[in-house]
Amino acid sequence: MTWYRHPRVLGIVTFTRRARIIASAALGSIPFPRRKAGKDLDWESGLTVVIPERGRPELLKSCLESLEVALRKVPEQSEVIVVVNGTEPEAYRELVEQHQRIQWIFHIVPLGFSDAIHAGVRRAAHPAVYLLNNDMELEPAALAEAIQWRGPRVFAVTSQILFRNGRRQETGWTTLQYVHGRSRPNHLEPKEALWARGAAYAGGGSGLFHRQTLLKMMARPDPYHPFYWEDVDWSVKAWREGYEIRFCSTSKAWHGHRKTVEKFYEDKEIERVVRRNARVFDLHNPHPDSTLRCAWEMLYELDGISLKELSQPRALKTLMQDRRRNKTAPFRETPIGSAHLQLVQRRVSKRPSVLIVSPFCVLPARHGGAKRTIELARSLREDFAVHLLTDEAELYDFAKDKDEAAIFETIACCGSRPVSGENRLERLLSHAHEEFRQALRCRIELLRPAIVQIEHVELAMLRSVVPPWCSATLMAHDVLLETSTGSTRADNIEREAYKQFDLNVVCSDQDAELARRYGTVLIVPNGATSNQYEPSAKDPHILFVGPFRAVQNESAILWFLRRVYPSLKKQLPDLRLTVVGGAGCNTSTKTSSEFRLPGVSVVEEVDDLAGLHRACTIAINPAFVMRGSSIKVFDSLAQGRCCVTNRIACRGVDPKSPALVLADSAEEWIEKMSMLLFDHEARWRREREQLAQSASLDWSIPGQILNRAYKDLLG
């Protein structure tokens, strides 16, 4: 036998030919126009439960018993459809007699999971369909909890999955990541039950779906036959159409893992189908960055049987249809990997919505900008439904930030932006990155906000994403123009941005003067939260709060440690200085000997900043490059503490504030700080006079200004 007729060689040739056919069909680069986002979904009222069943009547009996209890708590009309396939009806005679209100559909031929689901969903009379595996047992409140999270942009609500043996192979709270073009689904451990969370996909064995949309998402013929991965496919298609999936941790289902499948298939065959369908999913729903090389590698990982199945004419037709659908999807580039980071409150509000968009992590408030965002949002929520979209997803931990998270109706996070330097132009170009743009487009379609509030001028270039029917405001925490007539590229971008927004919100008169000629400007000053006043102690203790992530804060405290602190320490040997430098600041302090001076302590973060103010004698805010308005000055004054700062750093603050002490040169700092630290009576008198004016610093005042402006903006 010649070598080229050897069966192994012929097998490789056949494998290669089929692989070329599939790759060509899957990765065609034909350009298609983008479709419009899907319409709002009308869930109306009523619930249908669909159960696919094959040869496990003993499991189905327990499932139906738990379902009967759960349906009693549903305050809507309901029905149950059981699709029995691959089994003689005789085996279910007893169950049929016991549950005569159930609709029974019998198919002697095995249908596979998706086809059985399809048969039941087509028969359903209600717009909400809960798909339930026969090896699931629902807790009494499972259905009642799930239906509360329906919405006009919600495709599915998935329940929390529990196991009798204590294992958590699945939880229902899903995420989907891509590694080298290959999808990696995962289940996360639920942390809290106060809100619904976003999810990448809803499980087909314990999830609530919108009936009509589900039918549209189910490819015919089913490329995932006989089981697994079809529910991921439905959800990802819906996500790209502009719909979301929610995870409800208070809706609970107990699962018997693979108890139906293992009766009819060997473990080896189950694993083969799972591997095949994972690659089928990647071919039908490729990552935007997926390449031809990646597809070839995935195909060559498959066994001959799987490759033969994928190269059948009907399978190729379905593949090309799905590829075209994805190429034209309105949100085909929108990342689903961070879908699980969305947090949703249990509110149904008819108030106009405000979508706040921030490039920085807002919860918890690690810096002044985040504090301003949170407090103004707190004031807005009296008359508006406030939503949040932010970058820096990796910094969030909602389990720790429950109180502040409750300000927002929904919170969605995006993946981290590309690395950029501190150069102003680089920040303008990098912060509004493509992934963030796609996430904003998706949130606007989902929420239909009346106002999109862009935080920080670094995101000004996102204005082009906001549609004409929606008002756009720029919350310019800092107006970075060098002068009103600056001519750098960054100046030009910023000036043009002010012209594009319906309203530009600034913190101080100085910033307003720079921006006023380029657009409508509103001054909304900073504020503070007051606490019970305690006179400062006689023990000399200085406080500086300034996250080192802002380079100017680190430079300012180093100047103070070199030029001012040594002289004060000589006069007051017991003098202490506490520096709150924010997360990661200790990395910087290791390289600077100044932070090791006697009496100096550096902390990254504190839970009780107000308590730290009460423990200090005076606060300081050295600053030499300053825009916007320094919230740390407001915080110090509101706590009844004298604050020594540069004249440039008191923008937006009443210069006549009794506890505000202004100094510029090192000599002036030493003189005025010595006076405050030695003369306790004079310092306490300033504190009491400041306390009498504390009401004027409350966040409610700037909040009312912004609230009125937004009402005027909407007419």
Side-chain angles (χ1 to χ4, degrees), residues 41 43 46-53 63 66-67 70-71 74 78-83 113-114 116-118 120-121 124 126-139 141-151 153-163 168-176 185-188 190 196-218 224 227-239 241 243-257 260 281 336 339-340 342 344:
L41 305 180
W43 289 81
L47 173 67
T48 298
V49 179
V50 175
I51 305 174
E53 157 63 22
C63 175
S66 69
L67 174 60
L71 284 173
V74 176
S78 62
E79 64 176 357
V80 179
I81 299 174
V82 178
V83 183
F113 179 77
S114 184
I117 289 292
H118 189 266
V121 174
H126 300 300
V129 176
Y130 191 92
L131 303 184
L132 182 64
N133 275 356
N134 60 351
D135 56 1
M136 290 281 189
E137 294 181 23
L138 297 176
E139 290 203 349
L143 298 177
E145 288 290 325
I147 63 175
Q148 295 185 66
W149 295 102
R150 295 170 294 186
R153 307 301 299 178
V154 178
F155 166 62
V157 180
T158 183
S159 300
Q160 181 174 181
I161 301 172
L162 302 159
F163 289 81
R168 296 302 296 269
Q169 301 101 317
E170 302 170 274
T171 65
W173 186 21
T174 54
T175 182
L176 185 66
N186 190 28
H187 286 251
L188 307 174
R197 300 301 303 264
Y201 60 92
S206 55
L208 181 74
F209 294 82
H210 185 265
R211 176 182 175 273
Q212 281 300 124
T213 309
L214 176 60
L215 288 172
K216 290 179 183 178
M217 300 305 157
M218 300 178 81
Y224 301 95
F227 45 70
Y228 293 133
W229 279 87
E230 57 281 296
D231 46 8
V232 186
D233 183 89
W234 305 334
S235 298
V236 171
K237 285 177 181 174
W239 169 267
E241 295 292 325
Y243 301 113
E244 63 181 338
I245 293 88
R246 293 178 176 176
F247 167 70
C248 176
S249 62
T250 54
S251 172
K252 298 177 181 179
W254 293 85
H255 188 203
H257 190 54
T260 299
F281 174 83
I336 195 171
H340 67 283
Q342 183 187 351
V344 186

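Small disclaimer: the values here were computed from a predicted structure and weren't measured.
With Phe281 as the fixed residue, the ring pair (Phe, Tyr, Trp, His ring centres under 6.0 Å) test singles out one of Tyr228, Tyr224, Tyr201, Trp229: Trp229.
For His187 (side chain) and Gly172 (main-chain N/O), a donor-acceptor pair under 3.5 Å exists by modelled atom type. Of the possible donor and acceptor atoms, one in the side chain of Ser235 sits under 3.5 Å from a partner among the backbone N and O of Ala202. Side-chain N or O atoms of Arg246 include one that pairs as donor or acceptor with a backbone N or O of Trp149 at under 3.5 Å. Panel note: side chain Trp173, backbone Cys248; no donor-acceptor pair is recorded below 3.5 Å. The closest donor-acceptor contact from the side chain of Thr175 to the backbone of Asn186 lies at 3.5 Å or more, if one exists at all. Judged by distance alone, with hydrogens and angles left aside, the side-chain atoms of Trp43 form a donor-acceptor pair with the main-chain N or O of Gly151 at under 3.5 Å. Under the 3.5 Å distance criterion, the side-chain polar atoms of Arg197 are matched with a main-chain donor or acceptor of Gln342.
For the pair Val80/Leu71, a side-chain contact is recorded, criterion being any heavy-atom separation below 4.5 Å from C-beta on. Residues Glu241 and Lys216 are not in side-chain contact: their nearest non-hydrogen atoms beyond the backbone lie 4.5 Å or more apart. Side chains of Leu41 and Val154 form no contact here, defined as non-hydrogen atoms less than 4.5 Å apart. Ile117 has its side chain within reach of Trp234: a pair of non-hydrogen atoms, C-beta onward, lies under 4.5 Å apart. You'll find the side chain of Pro190 reaches within 4.5 Å of the side chain of Thr171, heavy atoms only. Side-chain contact between His340 and Leu176: absent, with no pair of heavy atoms (C-beta onward) separated by less than 4.5 Å.
Between the CD1 atom in Ile51 and the CE atom in Met136 there is a gap of 11.5 Å [rounded to 0.5 Å]. Atom OG of Ser206 is separated from atom CG of Leu131 by 9.0 Å, given to the nearest 0.5 angstrom. A distance of 6.0 Å separates CG of Leu47 from CG of Leu143, quoted to the nearest 0.5 Å. Here the CG-SG distance, from Asn134 to Cys63, works out to 6.5 Å after rounding to the nearest 0.5 Å. Thr158 contributes atom OG1, which lies 8.5 Å from atom CG of Asp231 (distance to the nearest 0.5 angstrom). With rounding to the nearest 0.5 Å, the separation of CD in Glu170 from CD1 in Ile161 is 4.5 Å.
Gln160 approaches Phe247 most closely through the heavy-atom pair CA-CE1, 3.6 Å. Considering all non-hydrogen atoms of both residues, Trp254 and Glu139 come closest at NE1-OE2, 3.0 Å. The heavy-atom pair separating Ala144 from Val74 by the smallest distance is N-CG2, 4.2 Å. Across every non-hydrogen atom of Val121 and Val50, the tightest pair is N-CG2, 4.2 Å. Here the closest heavy-atom approach between residue Gly204 and residue Asn133 is recorded as O-OD1, 4.2 Å. Nearest heavy-atom pair across Gly120 and Ile81 is O-CD1, 3.6 Å.
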#### Entry: Step-by-step side-chain contact (heavy atoms from CB on, under 4.5 Å) determination, Asp233 to Met218
CA-CA 8 Å; Asp233 183 89; Met218 300 178 81; over 6 Å; no
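Between the side chains of Ser114 and Glu230, no donor N or O sits under 3.5 Å from an acceptor N or O.
For an aromatic pair to be called close, the ring centres must be under 6.0 Å apart, and His210 with Phe155 fails this.
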